[in-house]
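Numbers for residues simply follow the sequence, beginning at 1. What you are looking at is a predicted structure, and each value in this text was computed from that prediction instead of being measured.
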Amino acid sequence: MRRILYALPLLFAAPVAAQTPDAVGQGIEQQMPELMELYRYLHQNPELSFQETETAAHLAGMAREMGFEVTEGVGGTGVVAVMENGPGPVLLMRADMDALPVREQTGLPFASEVVATTDEGIESPVMHACGHDTHMSAWVGAARQLAEMRDQWSGTLVAILQPAEERGAGARMMLEDGLYERFPKPDYAIAFHDSASAPAGTIGVVSGWAMANVDSVDITVHGVGGHGAYPHTTRDPIVLGSRIVGALQTLVSREVDPQQPAVVTVGAFNAGTKHNIISDEATMLLTVRSYTDEVREQLLSGIERIARAEGMVAGLPEDRWPTVTRRDEYTPAVFNTPELTGRLEQLFTARFGEDRVLAGEPVMGGEDFSRYWRADRDNIQSVLFWVGGVPQDRWEAAEAGEMDLPSLHSPFWAPDAEAVISTASEALVVAALDILRPGQAASD
């Protein structure tokens, strides 16, 4: 089994097979022309985080036509579509809607030409560079198929469309707007993400920690500016900042347990305006990544300690020591609960075959889907799985060393959308049919 992007768990007891699997495949196949038309529409009309109004309205209308009870405006532009279908568990099925401020360079005939203004006031081209257009299309395919197969499952389906995943805010906003109080609270939560690191149509599920805590930290280094010819009369913030950058490397290499993944990256270091001027301030922007809450706090508190200590070493008064600011919004790590992970891994292997279920490792990217589990981690089983999106010819060329593959968020990322949407739709449906099979209790 090739190691691509995902790590698969040990096998669990075999799940009950999904009902009428052939009907699932046939139903998705019949939908594909319409789903691809929807995909192209969504791809050509991307909307930035917090601005997904047209996208939400369009998809909400489709959900109503399927027979869902639909509520719009949850957590901003979020959509909640509920279908109650007898006794049984409650399953939450999520797709995210937002695009990125990226100028598309895929060369697709339906490439985005949308330009929008970010919340920071920056005018930018907009693109679905993370594949959320495939996520929404597969969400529609799965929801419609489940609506048509109501005689094959029992329970409640809560299908949600989430805003602002790229900002790490949408899940929190929906939860704070009463997602678990105003609507049926889930026993299970599932979602998928397309992968730019695996062949199109493959599936992977990581058991346990699957994606990272993501924190953004700003450090403002205060100095005493002056003439570059007389450095002894200044306190150079660039020198002080450089010492901080060096010291930060010891957090991962010497303070965190080597068996615990951690990342501290200084992504930007800005200071000064002219060759012969020592500035009075420098700023650094950091991304900090971890899996466990304990390591996260160890890194964040360590950054503050190192910054302040270096200010003292530089001879600055305490009120001029570097200022460390944690951004309010952070993305908590995704944890795939082992019981449901093992169940779905076996289900997907039986359904799609071993060749399409690839092993790999957890990644240090972030996804706020984690918040739905964290909101009631003792009572919710949750899995975010991957669906490979790299077109087969490009995958083979990359394997042969003939080209490099674009990553998610790249202006060149163009997944094999048909393979992603058909595979993900089918996987979501068979997972839902297994979780919501008649006679299944919420705690099973």
Side-chain angles (χ1 to χ4, degrees), residues 24 27-28 31 34-35 38-39 41-42 47 52-98 132-165 170-193 368-369 371-373 375 380 382-384 421 424-433 435-436 442:
V24 174
I28 298 299
Q31 286 193 63
E34 183 179 351
L35 293 178
L38 173 64
Y39 163 74
Y41 165 79
L42 294 170
E47 294 180 296
E52 310 93 340
T53 54
E54 295 298 327
T55 301
H58 186 80
L59 297 178
M62 298 183 74
R64 286 192 182 93
E65 293 176 356
M66 300 174 203
F68 284 85
E69 182 178 339
V70 178
T71 303
E72 298 181 64
V74 180
T77 57
V79 177
V80 179
V82 178
M83 182 170 289
E84 295 182 346
N85 191 41
V90 177
L91 170 64
L92 182 148
M93 183 175 72
R94 185 216 72 167
D96 37 11
M97 299 185 289
D98 53 332
H132 294 186
D133 43 3
T134 65
H135 301 181
M136 291 181 281
S137 301
W139 180 92
V140 167
R144 179 180 290 127
Q145 191 64 30
L146 288 166
E148 294 176 355
M149 299 180 70
R150 275 173 279 195
D151 61 333
Q152 301 293 332
W153 58 274
S154 183
T156 299
L157 177 62
V158 181
I160 69 171
L161 294 163
Q162 179 199 305
E165 185 278 328
R172 175 185 59 77
M173 292 164 62
M174 294 191 76
L175 287 163
E176 290 180 354
D177 199 15
L179 180 63
Y180 286 0
E181 292 75 37
R182 297 166 55 191
F183 307 97
K185 184 178 178 182
D187 303 296
Y188 300 88
I190 59 173
F192 85 96
H193 203 297
D368 69 352
F369 177 73
R371 289 190 182 274
Y372 301 112
W373 168 72
I380 297 175
S382 175
V383 168
L384 173 73
I421 294 166
S425 298
E426 191 170 339
L428 290 169
V429 172
V430 297
L433 290 175
I435 291 168
L436 300 174

Discussion item. For a side chain to side chain contact (heavy atoms under 4.5 Å, CB included) check, start with the C-alpha distance between Tyr180 and Leu92, then their side-chain angles and the critical distance, and finish with the verdict.
Written reply: CA-CA 10 Å; Tyr180 286 0; Leu92 182 148; 4.3 Å; yes
Would you sort out whether Leu146 and Asn85 count as a side chain to side chain contact (heavy atoms under 4.5 Å, CB included), showing the intermediate values?
CA-CA 11 Å; Leu146 288 166; Asn85 191 41; over 6 Å; no
Practice item. Just do the side chain to side chain contact (heavy atoms under 4.5 Å, CB included) check on Asp177 and Leu175 with the steps written out, would you? Key: CA-CA 5 Å; Asp177 199 15; Leu175 287 163; over 6 Å; no
- Task: Take Met93 and Leu157, measure what side chain to side chain contact (heavy atoms under 4.5 Å, CB included) needs, and give me the verdict at the end.
- Result: CA-CA 7 Å; Met93 183 175 72; Leu157 177 62; 4.2 Å; yes
Using salt bridge (charged side-chain N to carboxylate O under 4.0 Å, His left out), reason through Asp368 and Arg94 one step at a time and then give a plain yes or no. CA-CA 11 Å; Asp368 69 352; Arg94 185 216 72 167; 3.6 Å; yes
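The 12-atom threshold is exceeded at CD of Glu176, counting heavy atoms of other residues, nucleotides or ligands nearer than 6.0 Å. Sparse packing is recorded around CD of Glu34, with 12 or fewer heavy atoms of other residues, nucleotides or ligands lying under 6.0 Å away.
A distance of 10.0 Å separates CD1 of Ile435 from CG of Asp187, quoted to the nearest 0.5 Å. Gln145 contributes atom CD, which lies 11.0 Å from atom CE of Met66 (distance to the nearest 0.5 angstrom). The distance from the OG atom of Ser137 to the CD atom of Gln31 is 11.0 Å, given to the nearest 0.5 Å. Atom OG1 of Thr156 sits about 8.0 Å away from atom CG of Leu436, to the nearest 0.5 Å. The structure places CE of Met149 at 5.0 Å from CG of Leu433, a figure rounded to the nearest 0.5 Å. Distance check: Arg371 CZ to Gln162 CD gives 10.0 Å after rounding to the nearest 0.5 Å.
Shortest non-hydrogen contact noted between Ala424 and Ala138 is CB-CB, 3.8 Å. In this structure, Val158 and Pro184 approach most closely via the heavy-atom pair CG2-O, 3.9 Å. In plain terms, the two heavy atoms of Met83 and Ala147 that are nearest each other are CE-CB, 3.7 Å. Looking at every heavy atom in both residues, Ser382 comes nearest to Trp373 through CB-CB, 3.7 Å. When all heavy atoms of Met174 and Val80 are compared, the pair lying nearest together is CE-CG2, 3.8 Å. Taking each heavy atom of Leu428 and Ala142 in turn, the nearest pair found is CB-CB, 3.7 Å.
With contacts defined as side-chain heavy-atom distances shorter than 4.5 Å, the pair Tyr188/Val383 does not qualify. Val70 places a side-chain heavy atom less than 4.5 Å from the side chain of Val79. Contact annotation: the side chain of Met62 approaches that of Arg144 to within less than 4.5 Å [non-hydrogen atoms, C-beta and beyond]. In this structure, the side chains of Ser425 and Leu35 come closer than 4.5 Å at one or more pairs of heavy atoms.
Remark: aromatic rings of Phe369 and Tyr372 are close, center separation under 6.0 Å.
Between the side chain of Trp139 and the backbone N or O of Leu161 there is no donor-acceptor pair closer than 3.5 Å. Of the possible donor and acceptor atoms, none in the side chain of Glu52 sits under 3.5 Å from a partner among the backbone N and O of Thr77. Although no hydrogens or angles enter the test, the distance criterion places a donor-acceptor pair under 3.5 Å between the side chain of His132 and the main chain of Asp98. No donor-acceptor distance shorter than 3.5 angstrom exists from the side chain of Thr134 to the backbone of Ile421, with no hydrogens or angles considered.
With 3.5 Å as the limit, one finds a donor-acceptor pair spanning the side chains of Thr55 and Glu47.
A salt bridge links Glu72 with Arg64: the distance from a Lys NZ or Arg NE/NH1/NH2 to an Asp or Glu carboxylate oxygen falls below 4.0 Å.
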